[in-house]
There are 2 protein chains.
Amino acid sequence: MAEQDNGRAKRGQRRGARGPTVADVARLAQVSPMTVSRVVNSDPKVHETTRAKVEKAIAELGYVPNLAARSLAGGRQCRIGLLHSNPSAAYLSEFLVGSTEQANAMGAQLLVEHFEEEASRDELAAKLLLHRVDAVLLPPPLSDDVLLLECINRAGMVMAQVATGAPSPLAHAVTIDDEAAAFGLTARLIALGHKRIGFIGGAPNQTASALRRNGYRRALESAGIDADRRLETTGDFTFRSGMDCALALLALDERPSAIFASNDDMAAATIAAAHRMGLDVPRQLSVCGFDDTASATNVWPELTTARQPVADMAREAVRLLVDSVFDAKARTPRHVRVDFSLVLRQSDTGVAVSA
Amino acid sequence: MAEQDNGRAKRGQRRGARGPTVADVARLAQVSPMTVSRVVNSDPKVHETTRAKVEKAIAELGYVPNLAARSLAGGRQCRIGLLHSNPSAAYLSEFLVGSTEQANAMGAQLLVEHFEEEASRDELAAKLLLHRVDAVLLPPPLSDDVLLLECINRAGMVMAQVATGAPSPLAHAVTIDDEAAAFGLTARLIALGHKRIGFIGGAPNQTASALRRNGYRRALESAGIDADRRLETTGDFTFRSGMDCALALLALDERPSAIFASNDDMAAATIAAAHRMGLDVPRQLSVCGFDDTASATNVWPELTTARQPVADMAREAVRLLVDSVFDAKARTPRHVRVDFSLVLRQSDTGVAVSA
DNA sequence: TTTTACCTTGGTAGCGCTATCAACAGCAAT
DNA sequence: ATTGCTGTTGATAGCGCTACCAAGGTAAAA
């Protein structure tokens with residue numbers, strides 16, 4: 001009931017005091033609202049003096065632009081649909097942090113949508129359209145779903161694939177050089193003295209899996225080690241599949257002395273499998289993973305792995321999308337490659353073992 | 001230059017065709033824009049017949065409300081700051097999914113902000129204020145930071161603590177019954193025949209830690225088992241601390257036959273420690289965790305644990321916050337308790353072992 | 001000096017929606 | 001017939017911001 005007037009004169013006849021507006025700033029700085037708008041949007045054609053005055057007024061009032069009004073007036077409005085489907089929680093977490101941050105910073109709205117494997121791609125596209133989604137952000141494994149890409153493209157939305165092995169001409173892409181990273185890790189195992197190195201591949205439907213396998217093979221090759229196809233197994237990025245593959249590898253007559261798993265979960269499983277068989281890691285078996293997710297440090301010994309800057313990749317992808325939505329010229333698909341790094345921990349640094 | 005008119009009469013003189021508006025729907029349904037607005041917002045006082053007409057028109061045009069305009073006109077605007085500080089990635093991920101979903105559904109804006117341990121709470125509050133944050137969402141461990149709560153409260157923002165053991169009178173709280181869950185898990189271990197059950201506590205500065213410890217103690221007590229304080233250790237929810245505690249417990253003269261860890265990461269570490277000492281889990285050592293995060297299934301054997309519905313809790317918290325922001329009457333702190341469940345997997349189901 | 005060209009600023013008119021209040025039924029009670 | 005309702009609808013006026021165009025000033029060119 002009590003109409004409390006917290007120190008500020010009520011503006012309209014609507015409900016009480018919200019934050020200061022361009023008009024307030026304009027009054028204080030003795031310029032027009034329009035000029036304030038220009039300063040806020042860093043329009044180059046504002047005189048230095050005026051800009052300073054306005055900035056002072058802004059600081060004084062603690063003015064913050066109202067996003068709603070801005071996007072309404074500006075006509076611009078960017079909704080990004082983030083589609084995810086059962087990626088590792090650790091990956092998704094980092095991805096979400098990066099993408100929400102960037103989306104907020106750029107005034108875009110992020111809609112997080114879970115995509116069931118079995119769901120119809122057409123229905124999904126229809127749903128996105130219904131939600132007025134302008135752009136779609138695709139973390140793996142969805143970034144490799146060609147049907148989905150085509151479907152979304154047909155619906156006229158911009159897309160960004162993150163961490164795909166096969167950038168589509170229909171979409172932006174942000175990737176690391178998976179092959180180089182896998183090459184690097186394998187080369188390191190070789191440098192440690194290993195000659196029989198087992199490989200656990202990722203899900204065949206993710207293109208990155210093939211790239212990592214190539215990196216592994218190329219490293220062996222360039223070290224002059226004959227490839228033994230029995231040492232190559234294929235999992236699906238889950239812990240359980242990693243366990244199965246590792247057990248199979250460790251049951252071979254000529255057991256590998258090192259195993260390169262295509263992601264951290266499978267590497268963690270490999271360590272578990274080794275322990276289960278009474279092998280010490282890294283003394284009797286060196287292991288390395290890929291991705292540097294939380295799993296990498298939640299095992300003992302901690303995993304040597306390749307780190308993708310997931311949050312940065314998400315940020316970059318959002319940036320590409322927002323730019324595309326606001327500026328038709330930026331709509332031609334771009335492919336951004338970001339740097340990875342090798343994180344050396346304890347899972348592989350045992351005494352070098354010769355086969 | 002070519003003013004392309006894509007099939008729809010241009011509305012303003014501004015840039016071309018955006019989606020249909022209330023006016024379009026109103027015209028088609030032969031009612032006033034206001035009535036359309038009422039239907040969209042499910043205002044009860046609209047006649048059945050009218051509602052049907054409008055809904056038909058909406059469907060026909062594929063109308064979707066413009067959020068920006070709505071929040072501008074409604075004067076309502078809700079920004080929720082989600083503060084997180086190094087929680088487990090798995091937890092954060094689920095939390096983010098739940099909270100972004102709910103925030104979008106309720107037309108609120110979510111700002112994700114990382115809070116460094118060392119950062120000044122006052123500066124943080126100032127920053128939140130600067131970003132015009134109306135409400136703050138606090139997942140653990142921040143939900144237990146009393147200083148932070150006071151600070152934010154002083155700044156006049158609404159808060160919600162998630163998974164705290166000590167709901168503050170200053171904030172909403174969404175919790176599970178940690179004590180009951182810990183009781184349940186411990187009771188299960190006892191039922192399996194264990195008499196010496198080790199305990200790995202969580203970080204002392206998180207109130208949930210104490211509750212879990214109480215549940216553990218109470219279960220022992222009600223089973224008539226004498227508490228042996230040497231069996232109680234204290235970690236800090238990290239894998240590494242779990243490893244240390246587990247190694248200590250397993251080095252005791254009278255080794256425990258089961259260990260209850262206060263979260264999954266520490267339970268995973270316990271399994272790793274057991275393997276490291278050549279003990280089989282669950283045959284020689286039963287283990288159970290808490291939270292049912294991704295870690296629970298990324299170890300072998302998989303963890304028996306207590307599941308918190310993290311995403312649901314986040315959703316509920318967001319709901320409480322948004323309601324509070326839009327409706328002053330809903331601002332009195334509420335404490336919502338949601339159900340947990342015990343997830344029985346393989347880490348504890350060995351042959352029952354007697355001490 | 002006048003003209004042309006900027007460079008900077010201001011005025012006006014909405015963006016799409018909803019709060020508010022006024023208006024008009026239709027019906028019961030006076 | 002008049003009054004008073006409840007239930008439903010419409011008209012009006014902005015929310016805070018920016019696109020657009022026009023207007024003033026100053027400097028360079030004629």
Side-chain angles (χ1 to χ4, degrees), chain A residues 3 8 10-27 29-54 58 61 63-79 107 109 132 326, chain B residues 3 8 10-27 29-54 58 61-79 107 109 132 326-327:
Chain A
E3 291 258 37
R8 182 199 317 261
K10 279 205 297 288
R11 257 192 320 294
Q13 68 276 63
R14 293 286 241 288
R15 75 172 84 211
R18 310 192 217 173
T21 74
V22 268
D24 298 321
V25 177
R27 211 170 306 126
Q30 313 205 40
V31 294
S32 78
M34 202 49 236
T35 303
V36 176
S37 169
R38 290 198 181 92
V39 170
V40 171
N41 295 290
S42 42
D43 186 318
K45 37 186 168 199
V46 176
H47 194 88
E48 204 46 59
T49 328
T50 322
R51 179 183 305 279
K53 258 198 313 187
V54 174
I58 288 177
L61 292 174
Y63 166 80
V64 178
N66 178 326
L67 275 181
R70 173 181 295 190
S71 70
L72 182 56
R76 66 235 316 273
Q77 179 180 11
C78 177
R79 293 188 173 200
Q109 195 177 149
R132 284 258 176 295
F326 287 159
Chain B
E3 292 257 36
R8 182 197 318 262
K10 279 205 300 290
R11 257 189 320 293
Q13 68 275 64
R14 292 287 241 290
R15 75 170 82 212
R18 309 192 217 174
T21 74
V22 268
D24 298 321
V25 177
R27 212 171 307 126
Q30 313 205 39
V31 295
S32 78
M34 200 52 234
T35 302
V36 176
S37 169
R38 289 199 180 94
V39 171
V40 171
N41 294 290
S42 42
D43 186 318
K45 37 186 167 198
V46 176
H47 195 89
E48 204 45 61
T49 329
T50 323
R51 178 184 306 281
K53 257 198 314 189
V54 173
I58 288 178
L61 292 174
Y63 167 79
V64 178
N66 178 325
L67 275 181
R70 175 182 293 189
S71 70
L72 181 57
R76 68 238 311 275
Q77 179 180 11
C78 178
R79 294 188 172 198
Q109 196 177 148
R132 286 259 174 294
F326 287 160
D327 178 9

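Numbers restart at 1 for each chain; the letters A, B, ... are given by sequence-line order, proteins then strands.
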May I have the distance from [X] (atom [atom1]) to [N] (atom [atom2]), rounded to whole angstrom?
| X | N | atom1 | atom2 | result |
| --- | --- | --- | --- | --- |
| A:Asn41 | D:dC20 | CG | C1' | 15 Å |
| B:Asn66 | D:dG16 | CG | C1' | 14 Å |
| B:Lys45 | C:dC24 | NZ | C1' | 15 Å |
| B:Glu48 | D:dG7 | CD | C1' | 14 Å |
| A:Leu72 | D:dT18 | CG | P | 11 Å |
| B:Ile58 | C:dG16 | CD1 | P | 16 Å |
| B:His47 | C:dC24 | NE2 | C1' | 16 Å |
| B:Arg79 | D:dG16 | CZ | C1' | 13 Å |

Evaluate the side-chain proximity of B:Thr50 to B:Arg38: yes if any heavy-atom separation is below 4.5 Å, no if none is.
no
Is the closest side-chain heavy-atom distance between A:Asn66 and B:Leu72 below 4.5 Å?
yes
Closest nucleotide of DNA chain D for A:Val22 versus for B:Pro44: which of these residues is on the 5' side?
B:Pro44
Mind checking the NZ-NE2 spacing from B:Lys53 to B:His47? Nearest 0.5 Å is all I need.
10.0 Å
Calculate, to the nearest 0.5 Å, the distance between atoms CG and CZ belonging to B:Leu61 and B:Arg27 respectively.
9.5 Å
Reckon [X] has a side-chain N or O less than 4.0 Å from the OP1 or OP2 of [N]?
| X | N | value |
| --- | --- | --- |
| B:Ser37 | C:dT18 | yes |
| B:Thr21 | C:dG16 | no |
| B:Thr35 | D:dG10 | yes |

Check A:Pro65 against B:Arg79 and note the closest heavy-atom contact, atom names and distance.
O-NH2, 4.3 Å
In terms of side-chain heavy atoms of [X], which of [options] is nearest?
| X | options | value |
| --- | --- | --- |
| B:Ala73 | C:dT8, D:dG14, C:dG14 | D:dG14 |
| A:Pro65 | C:dT9, D:dT9, D:dC17 | D:dC17 |
| A:Thr50 | C:dT20, C:dG16, C:dT9 | C:dT9 |

Applying a 4.0 Å non-hydrogen cut-off, can you work out what B:Val40 is touching in the nucleic acid: base, sugar-phosphate, or nothing?
nothing
So what does B:Val36 touch, heavy atoms closer than 4.0 Å: a base, only the sugar-phosphate, or nothing?
nothing
Could you pick out which residue, B:Met34 or B:Ala69, lies toward the 5' side of DNA chain C when each is mapped onto its nearest nucleotide?
B:Ala69
